[in-house]
Amino acid sequence: MRNFLCRHSSPAYGFARQREVPAISAFDELHDLEYLGPACLALINKLIREEARRLPVLAPPAGWQEADLEDLLGEFLADRLKPVTANLLALTTDDDSVGKLLRTSIRRWLIDQSRKTAVVSLGRSLESVLADSDAFETVPAGEVGAGRWRLSGTTVQPWSGPFDRLVEAAYAVPNIKIPKWSSETRRAPVADRASIEAVIHAVLTDAAGSMEVAHLVEVFTSRFPVALDPVVVSLPDDAGSQITADPPASPEEIVLARDDEARAASAGAEIVAMLSPLERRMIAYLDRPAEIQTVVGCGRSQAYHHGARLKEKLRQLVGDGDEVRSVMSEVSRLCSEAVETR
């Protein structure tokens with residue numbers, strides 16, 4: 001990815017590793033140029049380095065080196081340059097909102113990379129258990145489903161069907177043991193080796209067919225959702241609050257719920273900070289144009305226009321990930337509290 005940075009270090013992009021941030025603000029530069037100039041790229045570079053420290057699972061074995069961080073920056077720009085630029089131009093109002101939106105975008109992107117890493121790691125763990133256990137075998141070449149895994153001694157056809165039933169079979173395995181884990185920077189294993197083998201055996205039995213490792217990974221990530229949950233390390237100046245949740249059905253779900261609530265609270269607060277006072281008052285009435293008329297003091301057609309514009313702004317800020325509902329609930333709650341305290 002260093003080649004990517006080299007290609008974009010021209011005056012049009014203005015990025016150089018050692019270049020100092022120009023006096024012009026990132027917000028002013030962005031709206032003058034309508035693309036990411038030196039100040040914006042320097043800010044992204046700074047935020048990438050800060051946020052990468054929060055996700056140790058992404059760090060190379062030898063720790064972060066300068067070349068690794070440049071590659072990470074290049075990968076982010078290659079993947080998110082256009083949508084991030086569009087959002088910055090459409091949604092920011094000052095330097096503070098530029099920094100908040102960029103940090104949110106970078107954090108979500110890094111978490112996505114962390115989860116991809118977790119999927120690969122889980123797949124390798126399952127392959128190791130499959131290969132070392134006499135209970136499983138690969139379908140030999142020349143047979144239907146060659147290369148897939150099945151229970152030893154069976155002659156089944158390739159599996160195809162709904163995953164829900166297989167996830168239920170995985171949950172039905174009793175006495176799952178999760179090893180004690182003290183690392184604050186690495187994920188704990190989803191379970192001990194014997195438990196993983198027992199779950200694979202139950203899933204293949206219920207499937208009554210041969211399966212690819214990718215299929216098993218999907219079942220395991222549904223049964224053990226915490227397997228995708230990145231370890232997030234607080235920075236020294238991170239004042240994030242500790243959030244608790246009512247206990248769900250399993251220990252894994254408790255961990256996941258707490259992390260989801262923390263992310264939703266953080267994202268919701270950042271989004272509310274990007275809304276104008278009038279927009280915060282409108283949040284509760286997005287589907288009631290007549291109420292928006294009263295809040296804004298305008299006609300019905302203008303109320304529809306204001307409502308549609310705010311909905312689009314929220315859609316772009318919240319995104320389309322799995323946390324849309326929880327983030328929007330947090331935004332609504334914060335805006336309601338702000339209105340009540342007026």
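The structure displayed is predicted, hence computed values, not measured ones.
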Hey, could you give me the CD/CD distance between Glu75 and Gln113, rounded to the nearest 0.5 Å?
7.0 Å

Would you mind reporting whether Glu197 and His201 have side-chain heavy atoms less than 4.5 Å apart?
no

Testing the basics here: between Val129 and Phe136, what is the closest heavy-atom pair and its distance to 0.1 Å?
O-CD1, 4.4 Å

What heavy-atom pair brings Asp134 and Ser152 nearest, and what distance separates the two atoms?
O-OG, 2.7 Å

Of Arg108, Arg103, Lys46, the residue whose pairing with Glu51 passes side-chain hydrogen bond (donor to acceptor under 3.5 Å, both in side chains)
Arg103

On a heavy-atom basis, which atom in Asp206 and which in Ala169 lie closest, and how many Å separate them?
CB-CB, 3.9 Å

Should Leu310 and Ile292 count as side-chain neighbours, where that means a heavy-atom distance under 4.5 Å?
no

For Pro158 against Ser210, the heavy-atom pair lying closest together:
CA-OG, 3.3 Å

When rounded to the nearest 0.5 Å, the distance separating OG of Ser125 from CG of Leu130 is 11.0 Å

Is it true that Arg148 and Glu143 have a side-chain N and a carboxylate O under 4.0 angstrom from each other?
no

Mind listing the closest non-hydrogen atom pair of Ser276 and Glu279 along with its distance?
N-OE1, 2.9 Å

Using the side-chain contact (heavy atoms from CB on, under 4.5 Å) rule, take Phe220 and Ile200 through it: C-alpha gap first, then chi angles, then the decisive distance, then the call.
CA-CA 9 Å; Phe220 267 74; Ile200 294 175; 3.7 Å; yes

Which one of Ile48, Thr92, Asn87, Leu43 satisfies the side-chain contact (heavy atoms from CB on, under 4.5 Å) criterion with Leu102?
Leu43

With sequence neighbours left out, the residues meeting salt bridge (Lys or Arg N to Asp or Glu O under 4.0 Å) with Asp28 are none

Check the pair Asn45 / Arg49 against side-chain contact (heavy atoms from CB on, under 4.5 Å), numbers first and verdict last.
CA-CA 6 Å; Asn45 184 38; Arg49 291 162 183 262; 3.0 Å; yes

Check step by step if side-chain contact (heavy atoms from CB on, under 4.5 Å) holds for Leu166 and Met211.
CA-CA 11 Å; Leu166 302 184; Met211 299 182 69; 3.7 Å; yes

To the nearest 0.5 Å, what is the distance between CZ on Arg80 and CD1 on Ile106?
11.0 Å

In terms of hydrophobic clustering (I, L, V, M, F, W, Y; side-chain heavy atoms under 4.5 Å; direct or indirect links), are Leu91 and Ile283 co-clustered?
yes

Which value, rounded to the nearest 0.5 Å, describes the distance between Leu151 atom CG and Leu204 atom CG?
5.0 Å

Taking all non-hydrogen atoms of both residues, which atom of Pro140 and which atom of Arg150 are closest, and how far apart?
CD-NH2, 3.6 Å

Quick one: do Leu41 and Leu77 satisfy side-chain contact (heavy atoms from CB on, under 4.5 Å)? Show the steps, please.
CA-CA 9 Å; Leu41 287 169; Leu77 293 175; 4.0 Å; yes

Whether the side chain of Glu29 engages the backbone of Ala39 through a donor-acceptor N/O pair (distance < 3.5 Å, no angle test) should be reported.
yes

Side-chain donor-acceptor contact under 3.5 Å, Arg193 with Ser133
no

Check whether more than 12 heavy atoms from other residues, nucleotides or ligands sit under 6.0 Å from atom CG of Asn175, and answer yes or no.
no

Rounded distance [0.5 Å steps], CG in Leu110 versus CZ in Arg53:
13.0 Å

Would Leu89 and Ile271 show up in the same hydrophobic cluster when neighbours are defined by side-chain heavy atoms closer than 4.5 Å?
yes

Cluster question for you: counting only ILVMFWY and a side-chain heavy-atom cut-off of under 4.5 Å, with indirect links fine, are Val173 and Leu122 together?
yes

Side chains of Trp64 and Leu58: does their closest heavy-atom pair fall under 4.5 Å?
yes

Look at the aromatic rings of Phe163 and Trp159 and report parallel, tilted or perpendicular, splitting at 30° and 60°.
perpendicular

What I'd like to find out is whether the side chain of Phe76 reaches to under 4.5 Å of the side chain of Val84, using heavy atoms alone.
yes

Expected output: side-chain Thr104 to main-chain Lys100 donor-acceptor under 3.5 Å:
yes

If you round to the nearest 0.5 Å, how far is CG of Leu101 from CG of Asp96?
11.5 Å

Is the backbone N or O of Trp149 less than 3.5 Å from a side-chain atom of Thr138, with the two atoms forming a donor-acceptor pair by type?
no

Would you say Leu334 ends up clustered with Leu278 if hydrophobic residues are merged whenever their side chains have heavy atoms under 4.5 Å apart, either directly or through other cluster members?
yes

